[in-house]
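Notes follow the structure.
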Amino acid sequence: MYQRTLSMLLLFGVLAAGCRARGPATATPSAGLPEDAAAVAAQRGLTPENIYAALKTYTPSGQYDPYLMIASGGQSGQMLVIGVPSMRILKVIGVFTPEPWQGYGFGGSGDEILAQGDLPDQEIRWGDTHHPGLSETNGEYDGQFVFINDKANARLAVVDLRDFETKQIVKNPNSMIDHGGTFVTPNTDYVVEGPQYAAPIGWEYAPQESYADVYRGLITFWKFDRVAGRVDPAQSFQIELPPYWQDLCDAGKGVSDGWIFCNSFNTELATGGPEDGNPPFEAGTAKNDTDYLHIFDWKKAEAVFQAGNYDTINGMAVIRLETAIEEGLLYFTPEPKSPHGSDVTPGGEYIVVGGKLDPHVTIYSFEKIQAAIAAGGLSADQYGVPVIPLDQSMEAQVELGLGPLHTVYDDKGYAYTSLFLDSAVARWTLGGAYADKHPEEPWTLVQKLPVQYNIGHIAAAEGDTASPDGNYVVALNKWSIDRFNNVGPLLPQNFQLIDTSQTGDQMKLLYDLPIGMAEPHYAQIISADKVKAFEVYPEVGWNPETMAVDANAVTSPEQSRVERDGNQVEIWMTVVRSHYTPEWVEIKQGDHVVWHLTNIERTRDATHGFALSGYNINLSLEPGETQTIEFDANMPGTYNFFCTEFCSALHLEMTGYLLVEPAD
Ligand code: CUK
Ligand code: CUA
């Protein structure tokens with residue numbers, strides 16, 4: 001059977017290659033295919049290109065993907081894990097939003113993590129996730145953690161890739177909206193949360209007329225404690241910025257390690273408001289021909305922070321704009337027309353910026369930027385930030401087409417830029433340090449591959465590392481229009497897998513994956529072999545929040561018990577196929593209940609649920625996991641708890657009763 005499959009694959013491959021060389025996409029495959037396969041191809045009207053794409057993506061049952069794509073979940077407030085190239089969705093990770101399958105936010109430990117992201121007087125149970133950032137060691141993904149931002153409420157989350165669960169949410173104490181992050185410095189010293197729309201620091205009230213004086217941008221450097229696996233706010237700091245709208249950022253690496261580059265728009269300081277006779281935001285923010293690329297020396301900023309040269313605002317260290325200027329932490333250089341992406345090349349030599357309203361990408365040279373800073377004598381912008389003239393920072397411009405947004409890289413000296421308005425992926429050649437990697441002219445457009453439609457971000461295999469792989473990019477398209485069955489006026493997004501393994505103008509579209517649950521923005525693609533996730537939790541009684549054995553774990557049904565102290569009831573329960581111990585729990589109305597549950601299974605995939613009717617409690621207990629729930633039994637009655645995972649033939653029998661006796 002295996003032999004036969006293999007020879008079929010070889011035949012398909014030979015045939016597809018042959019047909020490509022011969023001509024049009026409409027050629028029908030026939031000779032050389034096994035009869036049954038040829039019949040399927042003919043019946044389905046598959047072209048040689050289709051067959052090539054199928055062979056590149058089809059993943060037989062039981063075979064694994066070489067890559068994992070970690071995608072933002074957009075407005076769902078979650079993250080997606082997708083296998084590449086099969087484009088199979090492997091997991092949805094609850095991050096800023098309760099997620100019932102994982103029992104995240106329904107009585108278990110997820111409640112506390114979600115609560116970390118609340119405002120003092122407002123519970124927040126959704127997020128607009130944009131940019132996942134995988135942890136790095138020496139500029140390479142290390143497979144340990146992934147971070148993501150919530151644009152809607154300026155929050156950041158930490159997900160541990162040992163169990164793919166959210167461990168921490170931090171609320172930015174001085175911003176109410178963010179965007180240009182998360183991304184990490186090359187050794188994950190800091191997770192950077194870039195700003196977006198300017199506001200007074202701490203989002204306190206300030207009228208529109210005070211915009212230029214009081215509104216500010218704010219970039220946050222969250223210190224990451226790798227051993228604890230948590231962000232440490234006490235070791236984190238912010239830098240005050242002019243009230244431009246800072247957008248995407250990227251960290252320098254290699255030669256530019258220690259620096260960060262963020263673009264911006266609205267250097268016009270437009271305040272919008274046509275109702276007051278002002279141009280609306282979309283016109284007011286696009287008036288100038290250039291905005292400013294922000295260039296940060298973060299190692300120097302860290303030293304300024306450690307020297308105590310900051311103000312503390314809402315408990316957070318804020319390096320003032322004048323300090324940033326005095327200490328030489330911040331420089332500007334002009335960037336054309338409404339820039340969006342800011343993407344550092346693998347070796348850190350160049351920064352590529354796409355201008356939404358400019359057909360070019362602009363490539364800045366880190367070396368030139370450094371030379372201009374060293375030479376000094378720079379004039380300043382209206383807030384006093386030194387500005388490096390464009391002709392002193394720019395290396396090249398490449399005309400690509402309409403609406404260039406984001407850029408990723410491969411191992412062949414190519415860059416790939418998403419063209420929103422053209423609905424295309426542009427492949428173009430890097431020059432300078434990369435010119436000898438490819439035979440083509442440097443800084444030249446090589447191919448434009450149409451995508452369906454309106455691409456936003458683009459992600460490449462190992463794309464943000466110091467050594468990207470060259471085989472795949474994924475187009476994250478905003479519109480799908482006619483690509484899928486009509487499911488009503490709200491349409492899915494379309495993730496399109498593109499084969500970039502061949503050089504020249506040979507990019508090929510391989511596969512469409514509809515995302516029908518939100519609008520993801522960015523994704524990163526990591527080599528699957530770097531991720532060393534648990535198969536089951538390492539020991540029975542494992543608490544995923546502390547990543548250690550829980551003091552309240554019970555390891556056998558004999559240890560199960562119920563103890564009462566006044567109106568405090570504490571329960572230690574074991575969970576195993578196919579019963580809970582104890583099965584009857586009797587309490588009184590008004591009791592305060594603390595209930596510890598341990599799944600004592602050691603078998604892979606032997607997950608049990610724990611749903612408690614009426615009390616909005618729902619857990620997922622993976623093999624070895626211990627969780628604690630706590631509630632006031634304010635409703636008398638007869639309630640079932642039951643297992644929500646079909647775990648065995650007697651799964652339906654995996655239930656028990658909670659009797660709440662009415663208070664007299
Ligand atoms: S943004 Cu969405 S397409 Cu938030 Cu990174 Cu560019
Ligand atoms: Cu345990 Cu079903």
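Indexing begins at 1, ligand by ligand and atom by atom, following the structure's order.
- Every residue meeting the side chain to side chain donor-acceptor pair (under 3.5 Å) condition with His406, not counting sequence neighbours, appears here in chain and number order: His340, His457.
- Residues meeting the side chain to side chain contact (heavy atoms under 4.5 Å, CB included) test with Thr500, sequence neighbours left out: Tyr416, Arg427, Val473, Ile498, Met507.
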- [ ] Check the pair Tyr364 / Phe261 against ring pair (Phe, Tyr, Trp, His ring centres under 6.0 Å), numbers first and verdict last.
- [x] CA-CA 10 Å; Tyr364 298 88; Phe261 311 93; 9.0 Å; no
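- Using a 4.0 Å heavy-atom criterion, the residues that approach ligand 1 are His130, His131, His179, Leu248, His340, His406, Gly456, His457, Lys478, His521.
- Evaluation of the ring-ring contact (aromatic ring centres under 6.0 Å, His included) rule for Tyr197 yields Trp245 as partners, not counting sequence neighbours.
- The ring-ring contact (aromatic ring centres under 6.0 Å, His included) test with Trp595 is passed by exactly one of Phe610, Tyr580, Trp572: Phe610.
- Taking the charged nitrogens against the carboxylate oxygens, Arg155 and Asp150 do have a contact shorter than 4.0 Å, which makes a salt bridge.
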